[in-house]
Amino acid sequence: MVQKLIELALRNKLIVLLFAGGLFAYGLYSVKQNPIDAIPDLSENQVIVFTEWMGRSPQVIEDQVTYPLVSNLQGIPKIKNIRGSSMFGMSFVYVIFEDNVDIYWARTRVLERLNFAQRLLPQGVTPSLGPDGTGVGHVYWYHLDAPKMDLGEQRALQDWYIKFALQTVPGVAEVASFGGFEKQYQLVVDPVKLQYYNISLMDVMNKVKANNNDVGGRKFEMADMAYIIRGLGYLKSKEDVENIALTNYAGIPVRVKDIGSVQMGGDLRLGIFDMDGKGEVVGGIVVMRYNENANKIIEAVKEKMKEVEKGLPDGVTFKTSYDRNTLIQEAIDSVKGTLIEEMIVVSLVVLIFLFHWRSAVIILIQLPISVAAGFIFLEMFGISSNIMSLTGIALAIGVVVDDGIVMVENAYRHISEAQAAKIKSSDKV
């Protein structure tokens, strides 16, 4: 069988060369299309359901949120397992699907079941799906260098300008903010004054909510013109909160400032983000979507950051905290270096021991075609180019080189022996 295959290849050299060229071209196309990453994604095919109910203990979260969600998410097709985790104020449910299930089909099925499970949860508690990324999807971290801005201003700039711009990059699932202070109006109530004016804390909360709203009325016509009546009531400053009327005492209105104080402050923080021990910084984490090309996404994010940087205040710039592209490029350069080194060494070995340059050319052509064919199978089976797969290719190059040297030397020996026998037979004649 092998002999017939060799004979067929020798009789149709042009077809073999065209096939090798086409295989190499398809391999180069597969290299460009194959997702490139440094870390192999071995995470399970899962959908995360996140629910927040701040101020409740883990036991309350478990009984009223996690258990109803887990029990109602069971029964979805192609599920392997469901795991629930409850902590202070938060609930996480991990719905793990079979490996061959499309992630977006799985998210749709979970979302359909959540619409039914919503009625079993406490009022005001709404579960949401986590980003369509994985645990190794954190491909790029950045922070702001803003010496003239405080941490609250930096966090506002990150949340309301930078984050929205970077989320438009194709392949980005989420840009998670970290560090700084999230600004909020804080109302510090004096319980003695509440008791004096006979006002409950719930009355204060309801009055503040009711006075932070825009309302619309009907329209009326006057002098051939139609006018729409609107009531503008959104809070815009600390003074607006202080002047909200809560009740009246002896005919005198009691305002928020009469029962406490209003201040601008930061939300409760569970941690800080320190950069090299030099102080706190504010930044974001770029999360890649499932099965995307990390290398292309990082390059696109960097290009988008150059555009965003033009709209930042004076003196504010981006600094890189973590860039996986460095590790990716080092992995690619390692494979390239290994391939070039093997080609040089093999050429020298063949030239020194055989003194035959065409034999060296055969092996030089064989190496890149073999590597390109490996990327064809990676693309065919949906395997990304990462440290594991690229290391396998680098190791396989040695096997290909050994095979090439043995085959070329064997063919060279047989041809030499055949030529020598032919010369002897001609001499006898």
Side-chain angles (χ1 to χ4, degrees), residues 50-61 63-66 68-69 86-91 114-115 117-128 150-161 163-164 177 180-220 226-270 282:
F50 168 70
T51 310
E52 189 175 25
W53 197 20
M54 299 308 295
R56 274 68 179 183
S57 66
Q59 187 61 47
V60 174
I61 295 292
D63 295 339
Q64 300 192 34
V65 179
T66 305
L69 287 178
S86 302
M87 60 186 66
F88 186 81
M90 291 178 287
S91 168
L114 283 181
N115 294 331
Q118 175 71 44
R119 62 184 181 84
L120 302 175
L121 301 181
Q123 186 177 4
V125 177
T126 304
S128 59
D150 58 45
L151 294 175
E153 293 173 336
Q154 293 183 41
R155 183 58 184 263
L157 182 64
Q158 160 65 24
D159 287 340
W160 302 104
Y161 175 60
K163 176 180 179 179
F164 294 151
S177 302
F181 295 92
E182 295 185 66
K183 287 186 176 181
Q184 60 180 197
Y185 292 105
Q186 295 178 346
L187 174 56
V188 182
V189 179
D190 188 344
V192 177
K193 293 182 178 179
L194 287 179
Q195 187 178 10
Y196 177 79
Y197 290 113
N198 194 22
I199 303 173
S200 66
L201 186 60
M202 189 60 66
D203 291 336
V204 178
M205 295 174 59
N206 293 333
K207 288 293 183 180
V208 173
K209 290 180 181 179
N211 281 271
N212 184 31
N213 190 23
D214 272 4
V215 296
R218 298 182 62 181
K219 70 175 182 178
F220 70 95
Y227 296 88
I228 299 177
I229 302 173
R230 293 178 59 203
L232 304 179
Y234 278 130
L235 300 175
K236 297 182 179 179
S237 64
K238 185 179 68 173
E239 289 73 18
D240 292 342
V241 182
E242 292 176 343
N243 293 323
I244 294 176
L246 301 176
T247 184
N248 63 79
Y249 183 78
I252 301 174
V254 179
R255 296 180 174 87
V256 170
K257 61 183 178 181
D258 297 327
I259 54 93
S261 60
V262 180
Q263 61 186 18
M264 289 291 295
D267 194 5
L268 180 65
R269 301 196 300 172
L270 301 178
V282 176

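Please read these numbers as outputs of a predicted model, since none were measured by experiment. By convention here, the first residue in the shown sequence is residue 1.
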Hey, mind stepping through Val256 and Leu246 against side-chain contact (heavy atoms from CB on, under 4.5 Å) and telling me if it holds?
CA-CA 7 Å; Val256 170; Leu246 301 176; 3.9 Å; yes

Between Phe181 and Arg155 the two heavy atoms that sit nearest each other are O-CB, 3.3 Å

So the salt bridge (charged side-chain N to carboxylate O under 4.0 Å, His left out) pairs with at least one residue in residues 229-245 (sequence neighbours excluded) are Asp214-Arg230

* **Close side-chain approach of Lys219 to Tyr227, heavy-atom, < 4.5 Å** => no

Interatomic distance, CE@Met54 vs CZ@Phe88, rounded to 0.5 Å, equals 6.5 Å

| Taking 4.0 angstrom as the limit, do Lys207 and Asp203 come out as a salt bridge? | no

Side chain to side chain, Val208 and Tyr185, heavy atoms closer than 4.5 Å = no

message: Other residues, nucleotides and ligands only: do more than 12 of their heavy atoms fall within 6.0 Å of CE on Met202?
response: no

More than 12 non-hydrogen atoms from neighbouring residues, nucleotides or ligands closer than 6.0 Å to CD1 on Ile228, yes or no?
no

Between the CZ atom in Phe50 and the CG atom in Leu69, the distance rounded to the nearest 0.5 Å is 12.0 Å

Taking every heavy atom of Asp267 against every heavy atom of Gln184, the minimum-distance pair comes out as CA-OE1, 3.5 Å

In this structure, OG1 of Thr247 is separated from CD1 of Ile252 (nearest 0.5 Å) by 12.0 Å

- Task: Determine, stepwise, if the pair Ile61 / Met90 fulfils side-chain contact (heavy atoms from CB on, under 4.5 Å).
- Result: CA-CA 7 Å; Ile61 295 292; Met90 291 178 287; over 6 Å; no

Looking at Gln195, I want to see if its CD is surrounded by more than 12 non-hydrogen atoms of other residues, nucleotides or ligands under 6.0 Å. no

**Asked** Between Arg255 and Val241, is there a donor-acceptor pair closer than 3.5 Å when you use the side chain of the first and the backbone of the second?
**Response** no

Interatomic distance, OG1@Thr51 vs CD@Gln64, rounded to 0.5 Å, equals 12.5 Å

**Asked** What do you reckon, is CG of Asn248 surrounded by more than 12 foreign heavy atoms closer than 6.0 Å?
**Response** yes

Side chain to side chain, Phe220 and Arg218, heavy atoms closer than 4.5 Å: no

What one should report as the nearest heavy-atom pair of Val282 and Gln158 is CG1-CB, 4.0 Å

Check: Is there side-chain contact between Lys257 and Asn243, with heavy atoms separated by less than 4.5 Å?
Finding: yes

Heavy atoms of Ser86 and Pro58 approach each other most closely as CB-O, 3.8 Å

query: Going by heavy atoms in the side chains, are Leu194 and Val189 under 4.5 Å from each other?
result: yes

Tightest non-hydrogen contact, residues Tyr197 and Asp258, listed as CE1-O, 4.0 Å

Practice item. Go through the steps for Ile244 and Val204 under the test side-chain contact (heavy atoms from CB on, under 4.5 Å), then give the verdict. Key: CA-CA 10 Å; Ile244 294 176; Val204 178; over 6 Å; no

What one should report as the nearest heavy-atom pair of Pro68 and Asp63 is CD-O, 3.5 Å

Counting only heavy atoms not in Met205 (residues, nucleotides, ligands), do more than 12 fall under 6.0 Å from its CE?
no

For Tyr196, the side-chain contact (heavy atoms from CB on, under 4.5 Å) test, sequence neighbours excluded, returns Tyr249

